[in-house]
Participant: 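To start, I am sharing the structure in question, which I have written as structure tokens.
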Amino acid sequence: MRPLPARSFSRHLVAFTGLLMLSAPLARAADDDAPKGPAVTVLKVAKSCFSDIVEATGTIIAREETSVRPERPGLKVTEVLGEAGDTITAGQVLARLALPEGGTLQVTAPVAGVIATSTAQIGNFASAKGEALFTIVARSEYDLVGLVATTDIRKLAVGQQATVRIAGAGDLDGKVRRIGPTVEPNIQQGMVYIGISSQKRLLLNASGRALIKTGQSCNVAVPLTAVQYSSAGTVVQVIRRNRVETKRVEVGLMSGGNIEVRDGLNEGDVVVARAGALLREGDPVRPAMGTAEAAK
């Protein structure tokens, strides 16, 4: 192989050196763009709807109780056909009483419902002015009489749907029927009546809890773990070009481990699933896409 002339060799050397000089900034740029720093789990911000829930705790009462007595005095109970807890129909025979002059009188239910209490015992006397033989929860309609924080009363309105949770009875559908006009001054709580219609036998004076849906809001949402609270405000750590950016946000309702973000984030933004003090503004990171369930 013939050696290159000195002049030609110089030209090739200059060209090669130029290529090296041009490629150096490109290599540095590629290095800058390459992921580095700690690995972090990230999530894409998505839209979600949240229900505004007001909680009321209280006891179960009969919305309307009907007392059952004979219309005349001096009658003796000879047969009892209904007991506390029975579901009955209007006109159903509950007891038979002996008349002083002979013969019997039938005591019937004036309304359908559930027998709440019964004092009827064979051999006992009954009268129109004495203790009721039976009390009936008319039409099987109950109320949860609950207390609500004063700050939440303004959110309530008649007709709002509620889920009523009673130990031993599970979840029942309810509706706001009445809102008390005053507030208990010592505890700063108001009264709300949640109507319940149930075929289940509910125990009067049992404790219960109502979750009243007062509204709904749809916005972007992030896991609670993605939000940090500090003296500087509420912030979320967003990842852009593999670096941390701290964004101030306005948060709203919470549900199921997620929180509504009303301002500060857009759908599709990538956020750190578990924000922490170890990550600071501008830090490089190696993001790994995770799931919202894993962040909880």
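This chain uses plain numbering: 1 for the first residue, then up along the sequence. Just so we're clear, the structure is a prediction, and the values are computed from it rather than from any experiment.
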Participant: Is any side-chain heavy atom of V114 less than 4.5 Å from a side-chain heavy atom of D86?
Facilitator: no
Participant: Can you name the side-chain hydrogen bond (donor to acceptor under 3.5 Å, both in side chains) partners of D171, sequence neighbours left out?
Facilitator: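 So D171 forms a side-chain hydrogen bond (donor to acceptor under 3.5 Å, both in side chains) with R165.
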Participant: Does the side chain of V80 come within less than 4.5 Å of I122's, by heavy atoms?
Facilitator: yes
Participant: Determine whether I60 and I196 make a side-chain contact, defined as any pair of heavy atoms from C-beta on separated by less than 4.5 Å.
Facilitator: yes
Participant: Quick test of your reading of the model: are D152 and K155 salt-bridged, counting only N-O distances below 4.0 Å?
Facilitator: yes
Participant: Which residue, D143, L211, I194, forms the side-chain contact (heavy atoms from CB on, under 4.5 Å) with V164?
Facilitator: I194
Participant: When you compare the side chain of V107 with that of V93, does any pair of heavy atoms fall below 4.5 Å?
Facilitator: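 No; the side chains remain at least 4.5 Å from each other.
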Participant: Can you tell whether the side chains of E64 and R139 come within less than 4.0 Å, N to carboxylate O?
Facilitator: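 A salt bridge links E64 with R139.
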Participant: Examine distances only and state if a side-chain atom of T66 and a backbone atom of A138 form a donor-acceptor pair shorter than 3.5 Å.
Facilitator: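 Such a contact is absent between T66 side chain and A138 backbone.
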Participant: Are any of the side-chain heavy atoms of P70 and L75 separated by less than 4.5 Å?
Facilitator: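 In contact.
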Participant: Tell me the salt bridge (charged side-chain N to carboxylate O under 4.0 Å, His left out) pairs involving residues 203-220, sequence neighbours left out?
Facilitator: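 Listed once each, the pairs are E55-R209.
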Participant: So, do M191 and V145 sit near enough that their side-chain heavy atoms are less than 4.5 Å apart?
Facilitator: yes
